[in-house]
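To keep things clear, I will list the structure first and then write my remarks on it.
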Amino acid sequence: MTIVVYIPTILRSLTNEQKRVEADGTNVLAIIDDLERQYPGIKPRLMLHDKLHRFINLYVNDNDIRFSGELETKVKSDDTIMILPAVAGG
Amino acid sequence: MLNLRSDLVEAMFQQAKQDYPIEACGLIAGCIGSNRPTRLIRMCNAAQSATEFYFDSSEQLQVWKTMEARGEEPLVIYHSHTKSSAYPSWEDVEYATEPNMHYVIISNDPHCQPALRSFRIQKGIIVEEAIKVLNFANTPAQTSTPITSSSCIKELP
């Protein structure tokens, strides 16, 4: 199924400057894999060692997936995914 | 160079003082493409730490949506160092993923001067930039406290 994904500024060079793209999949990992097929190079910017990169926040319908099912979080039609750079430091 | 209104500078120092001994953090938004930071948004330091900070992810999402709806983008990300100089730590550098961002640091330590510095950080390379403080004495800072309601959030375009 097709899911709308909002891309942050920092990754738009990989999506032909599009901030709103579509991807197919039934969970977040499948969506990321489909994004990688369409926009090569985006997956390593989102994931490290099979986990969501700590520099990235990813939300399904406004819910941070770190507090739900991580990359296994299910998605369905009409869901939206938002990706933001995490802001942190010391 | 970072041009920053004096009321926004004052607001950052006030927050750093109020939040002490916790690191203060937040951002200043401006119209997309303007490179003119105008709206200061105080963020809660979810780490509640004197040595680190991170934006609460839910709060960040709401703030980013509001900026999107207003035609704004984050231009400055700021935080305080409570006991060290206003220079990026290695964690600051690690998380500095936006090459066009002005990363501003405020030091609470009176022995560390200057207390306000701004940096561009790209691929681990730190470049300090000058800050030009613009006189804005007669207008109060346009600030926003953390958003707790989604009622003001418009649909994304």
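Quick caveat: nothing in here was measured; it's all calculated off a predicted structure. In what follows, chains are A, B, ... by sequence order, proteins preceding strands, each numbered from 1.
In terms of hydrophobic clustering, with Ile, Leu, Val, Met, Phe, Trp and Tyr side chains grouped at heavy-atom distances under 4.5 Å, A/Leu58 and A/Phe55 are assigned to different clusters. Tracing side-chain contacts under 4.5 Å through hydrophobic residues (I, L, V, M, F, W, Y), one reaches B/Leu116 starting from B/Leu8; they form part of the same cluster. Criterion: ILVMFWY side-chain heavy atoms under 4.5 Å apart, direct or through other members. Under it, A/Leu48 and A/Leu29 are not part of a common hydrophobic cluster. Clustering ILVMFWY residues whenever any of their side-chain heavy atoms sit less than 4.5 angstrom apart, transitively, puts B/Met67 in a cluster other than the one holding A/Ile7. Cluster membership check: A/Ile10 does not share its hydrophobic cluster with A/Leu84, using side-chain heavy-atom separations under 4.5 Å among Ile, Leu, Val, Met, Phe, Trp and Tyr.
No side-chain heavy atom of B/Trp64 sits less than 4.5 Å from a side-chain heavy atom of B/Gln62.
Atoms OH and NZ, from A/Tyr6 and B/Lys65 in turn, are 8.5 Å apart once rounded to the nearest 0.5 Å. Interatomic distance, CD1 of A/Ile42 versus CD of A/Gln38, reported as 9.5 Å (0.5 Å rounding).
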- Message: B/Arg70 vs B/Arg39, test: side-chain contact (heavy atoms from CB on, under 4.5 Å). Steps then yes/no.
- Response: CA-CA 11 Å; B/Arg70 294 169 61 113; B/Arg39 189 168 69 93; 3.2 Å; yes
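Proximity to chain B (any heavy atom under 4.5 Å) is shown, for A/Arg54, by both the backbone and the side chain. Heavy-atom distances place the backbone of B/Thr51, and not its side chain, under 4.5 Å from chain A. In this structure, the portion of A/Asn57 lying under 4.5 Å from any heavy atom of chain B is its side chain and not its backbone.
Contacts between residues 74-87 of chain B and chain A, counted as heavy-atom pairs separated by less than 4.5 Å, involve B/Ile77, B/His79, B/His81. Listed by sequence position, B/Glu91, B/Asp92, B/Glu94, B/Tyr95, B/Thr97, B/Glu98 are the residues of residues 91-112 of chain B in contact with chain A, using a 4.5 angstrom heavy-atom cutoff.
Between the A/Gln18 side chain and the A/Thr15 main chain, a donor and an acceptor come within less than 3.5 Å of each other.
Annotation: maximal heavy-atom pairing with chain A below 4.5 Å, among B/Trp90, B/Tyr54, B/Phe53, occurs at B/Phe53. Each of B/Ser58, B/Ser57, B/Ser89 has some count of heavy-atom pairs under 4.5 Å with chain A, and the biggest count is that of B/Ser57.
Between the side chains of B/Arg42 and B/Gln18, at least one donor N or O sits under 3.5 Å from an acceptor N or O. Between the side chains of A/Asp24 and A/Thr2, at least one donor-acceptor pair of N or O atoms lies under 3.5 Å.
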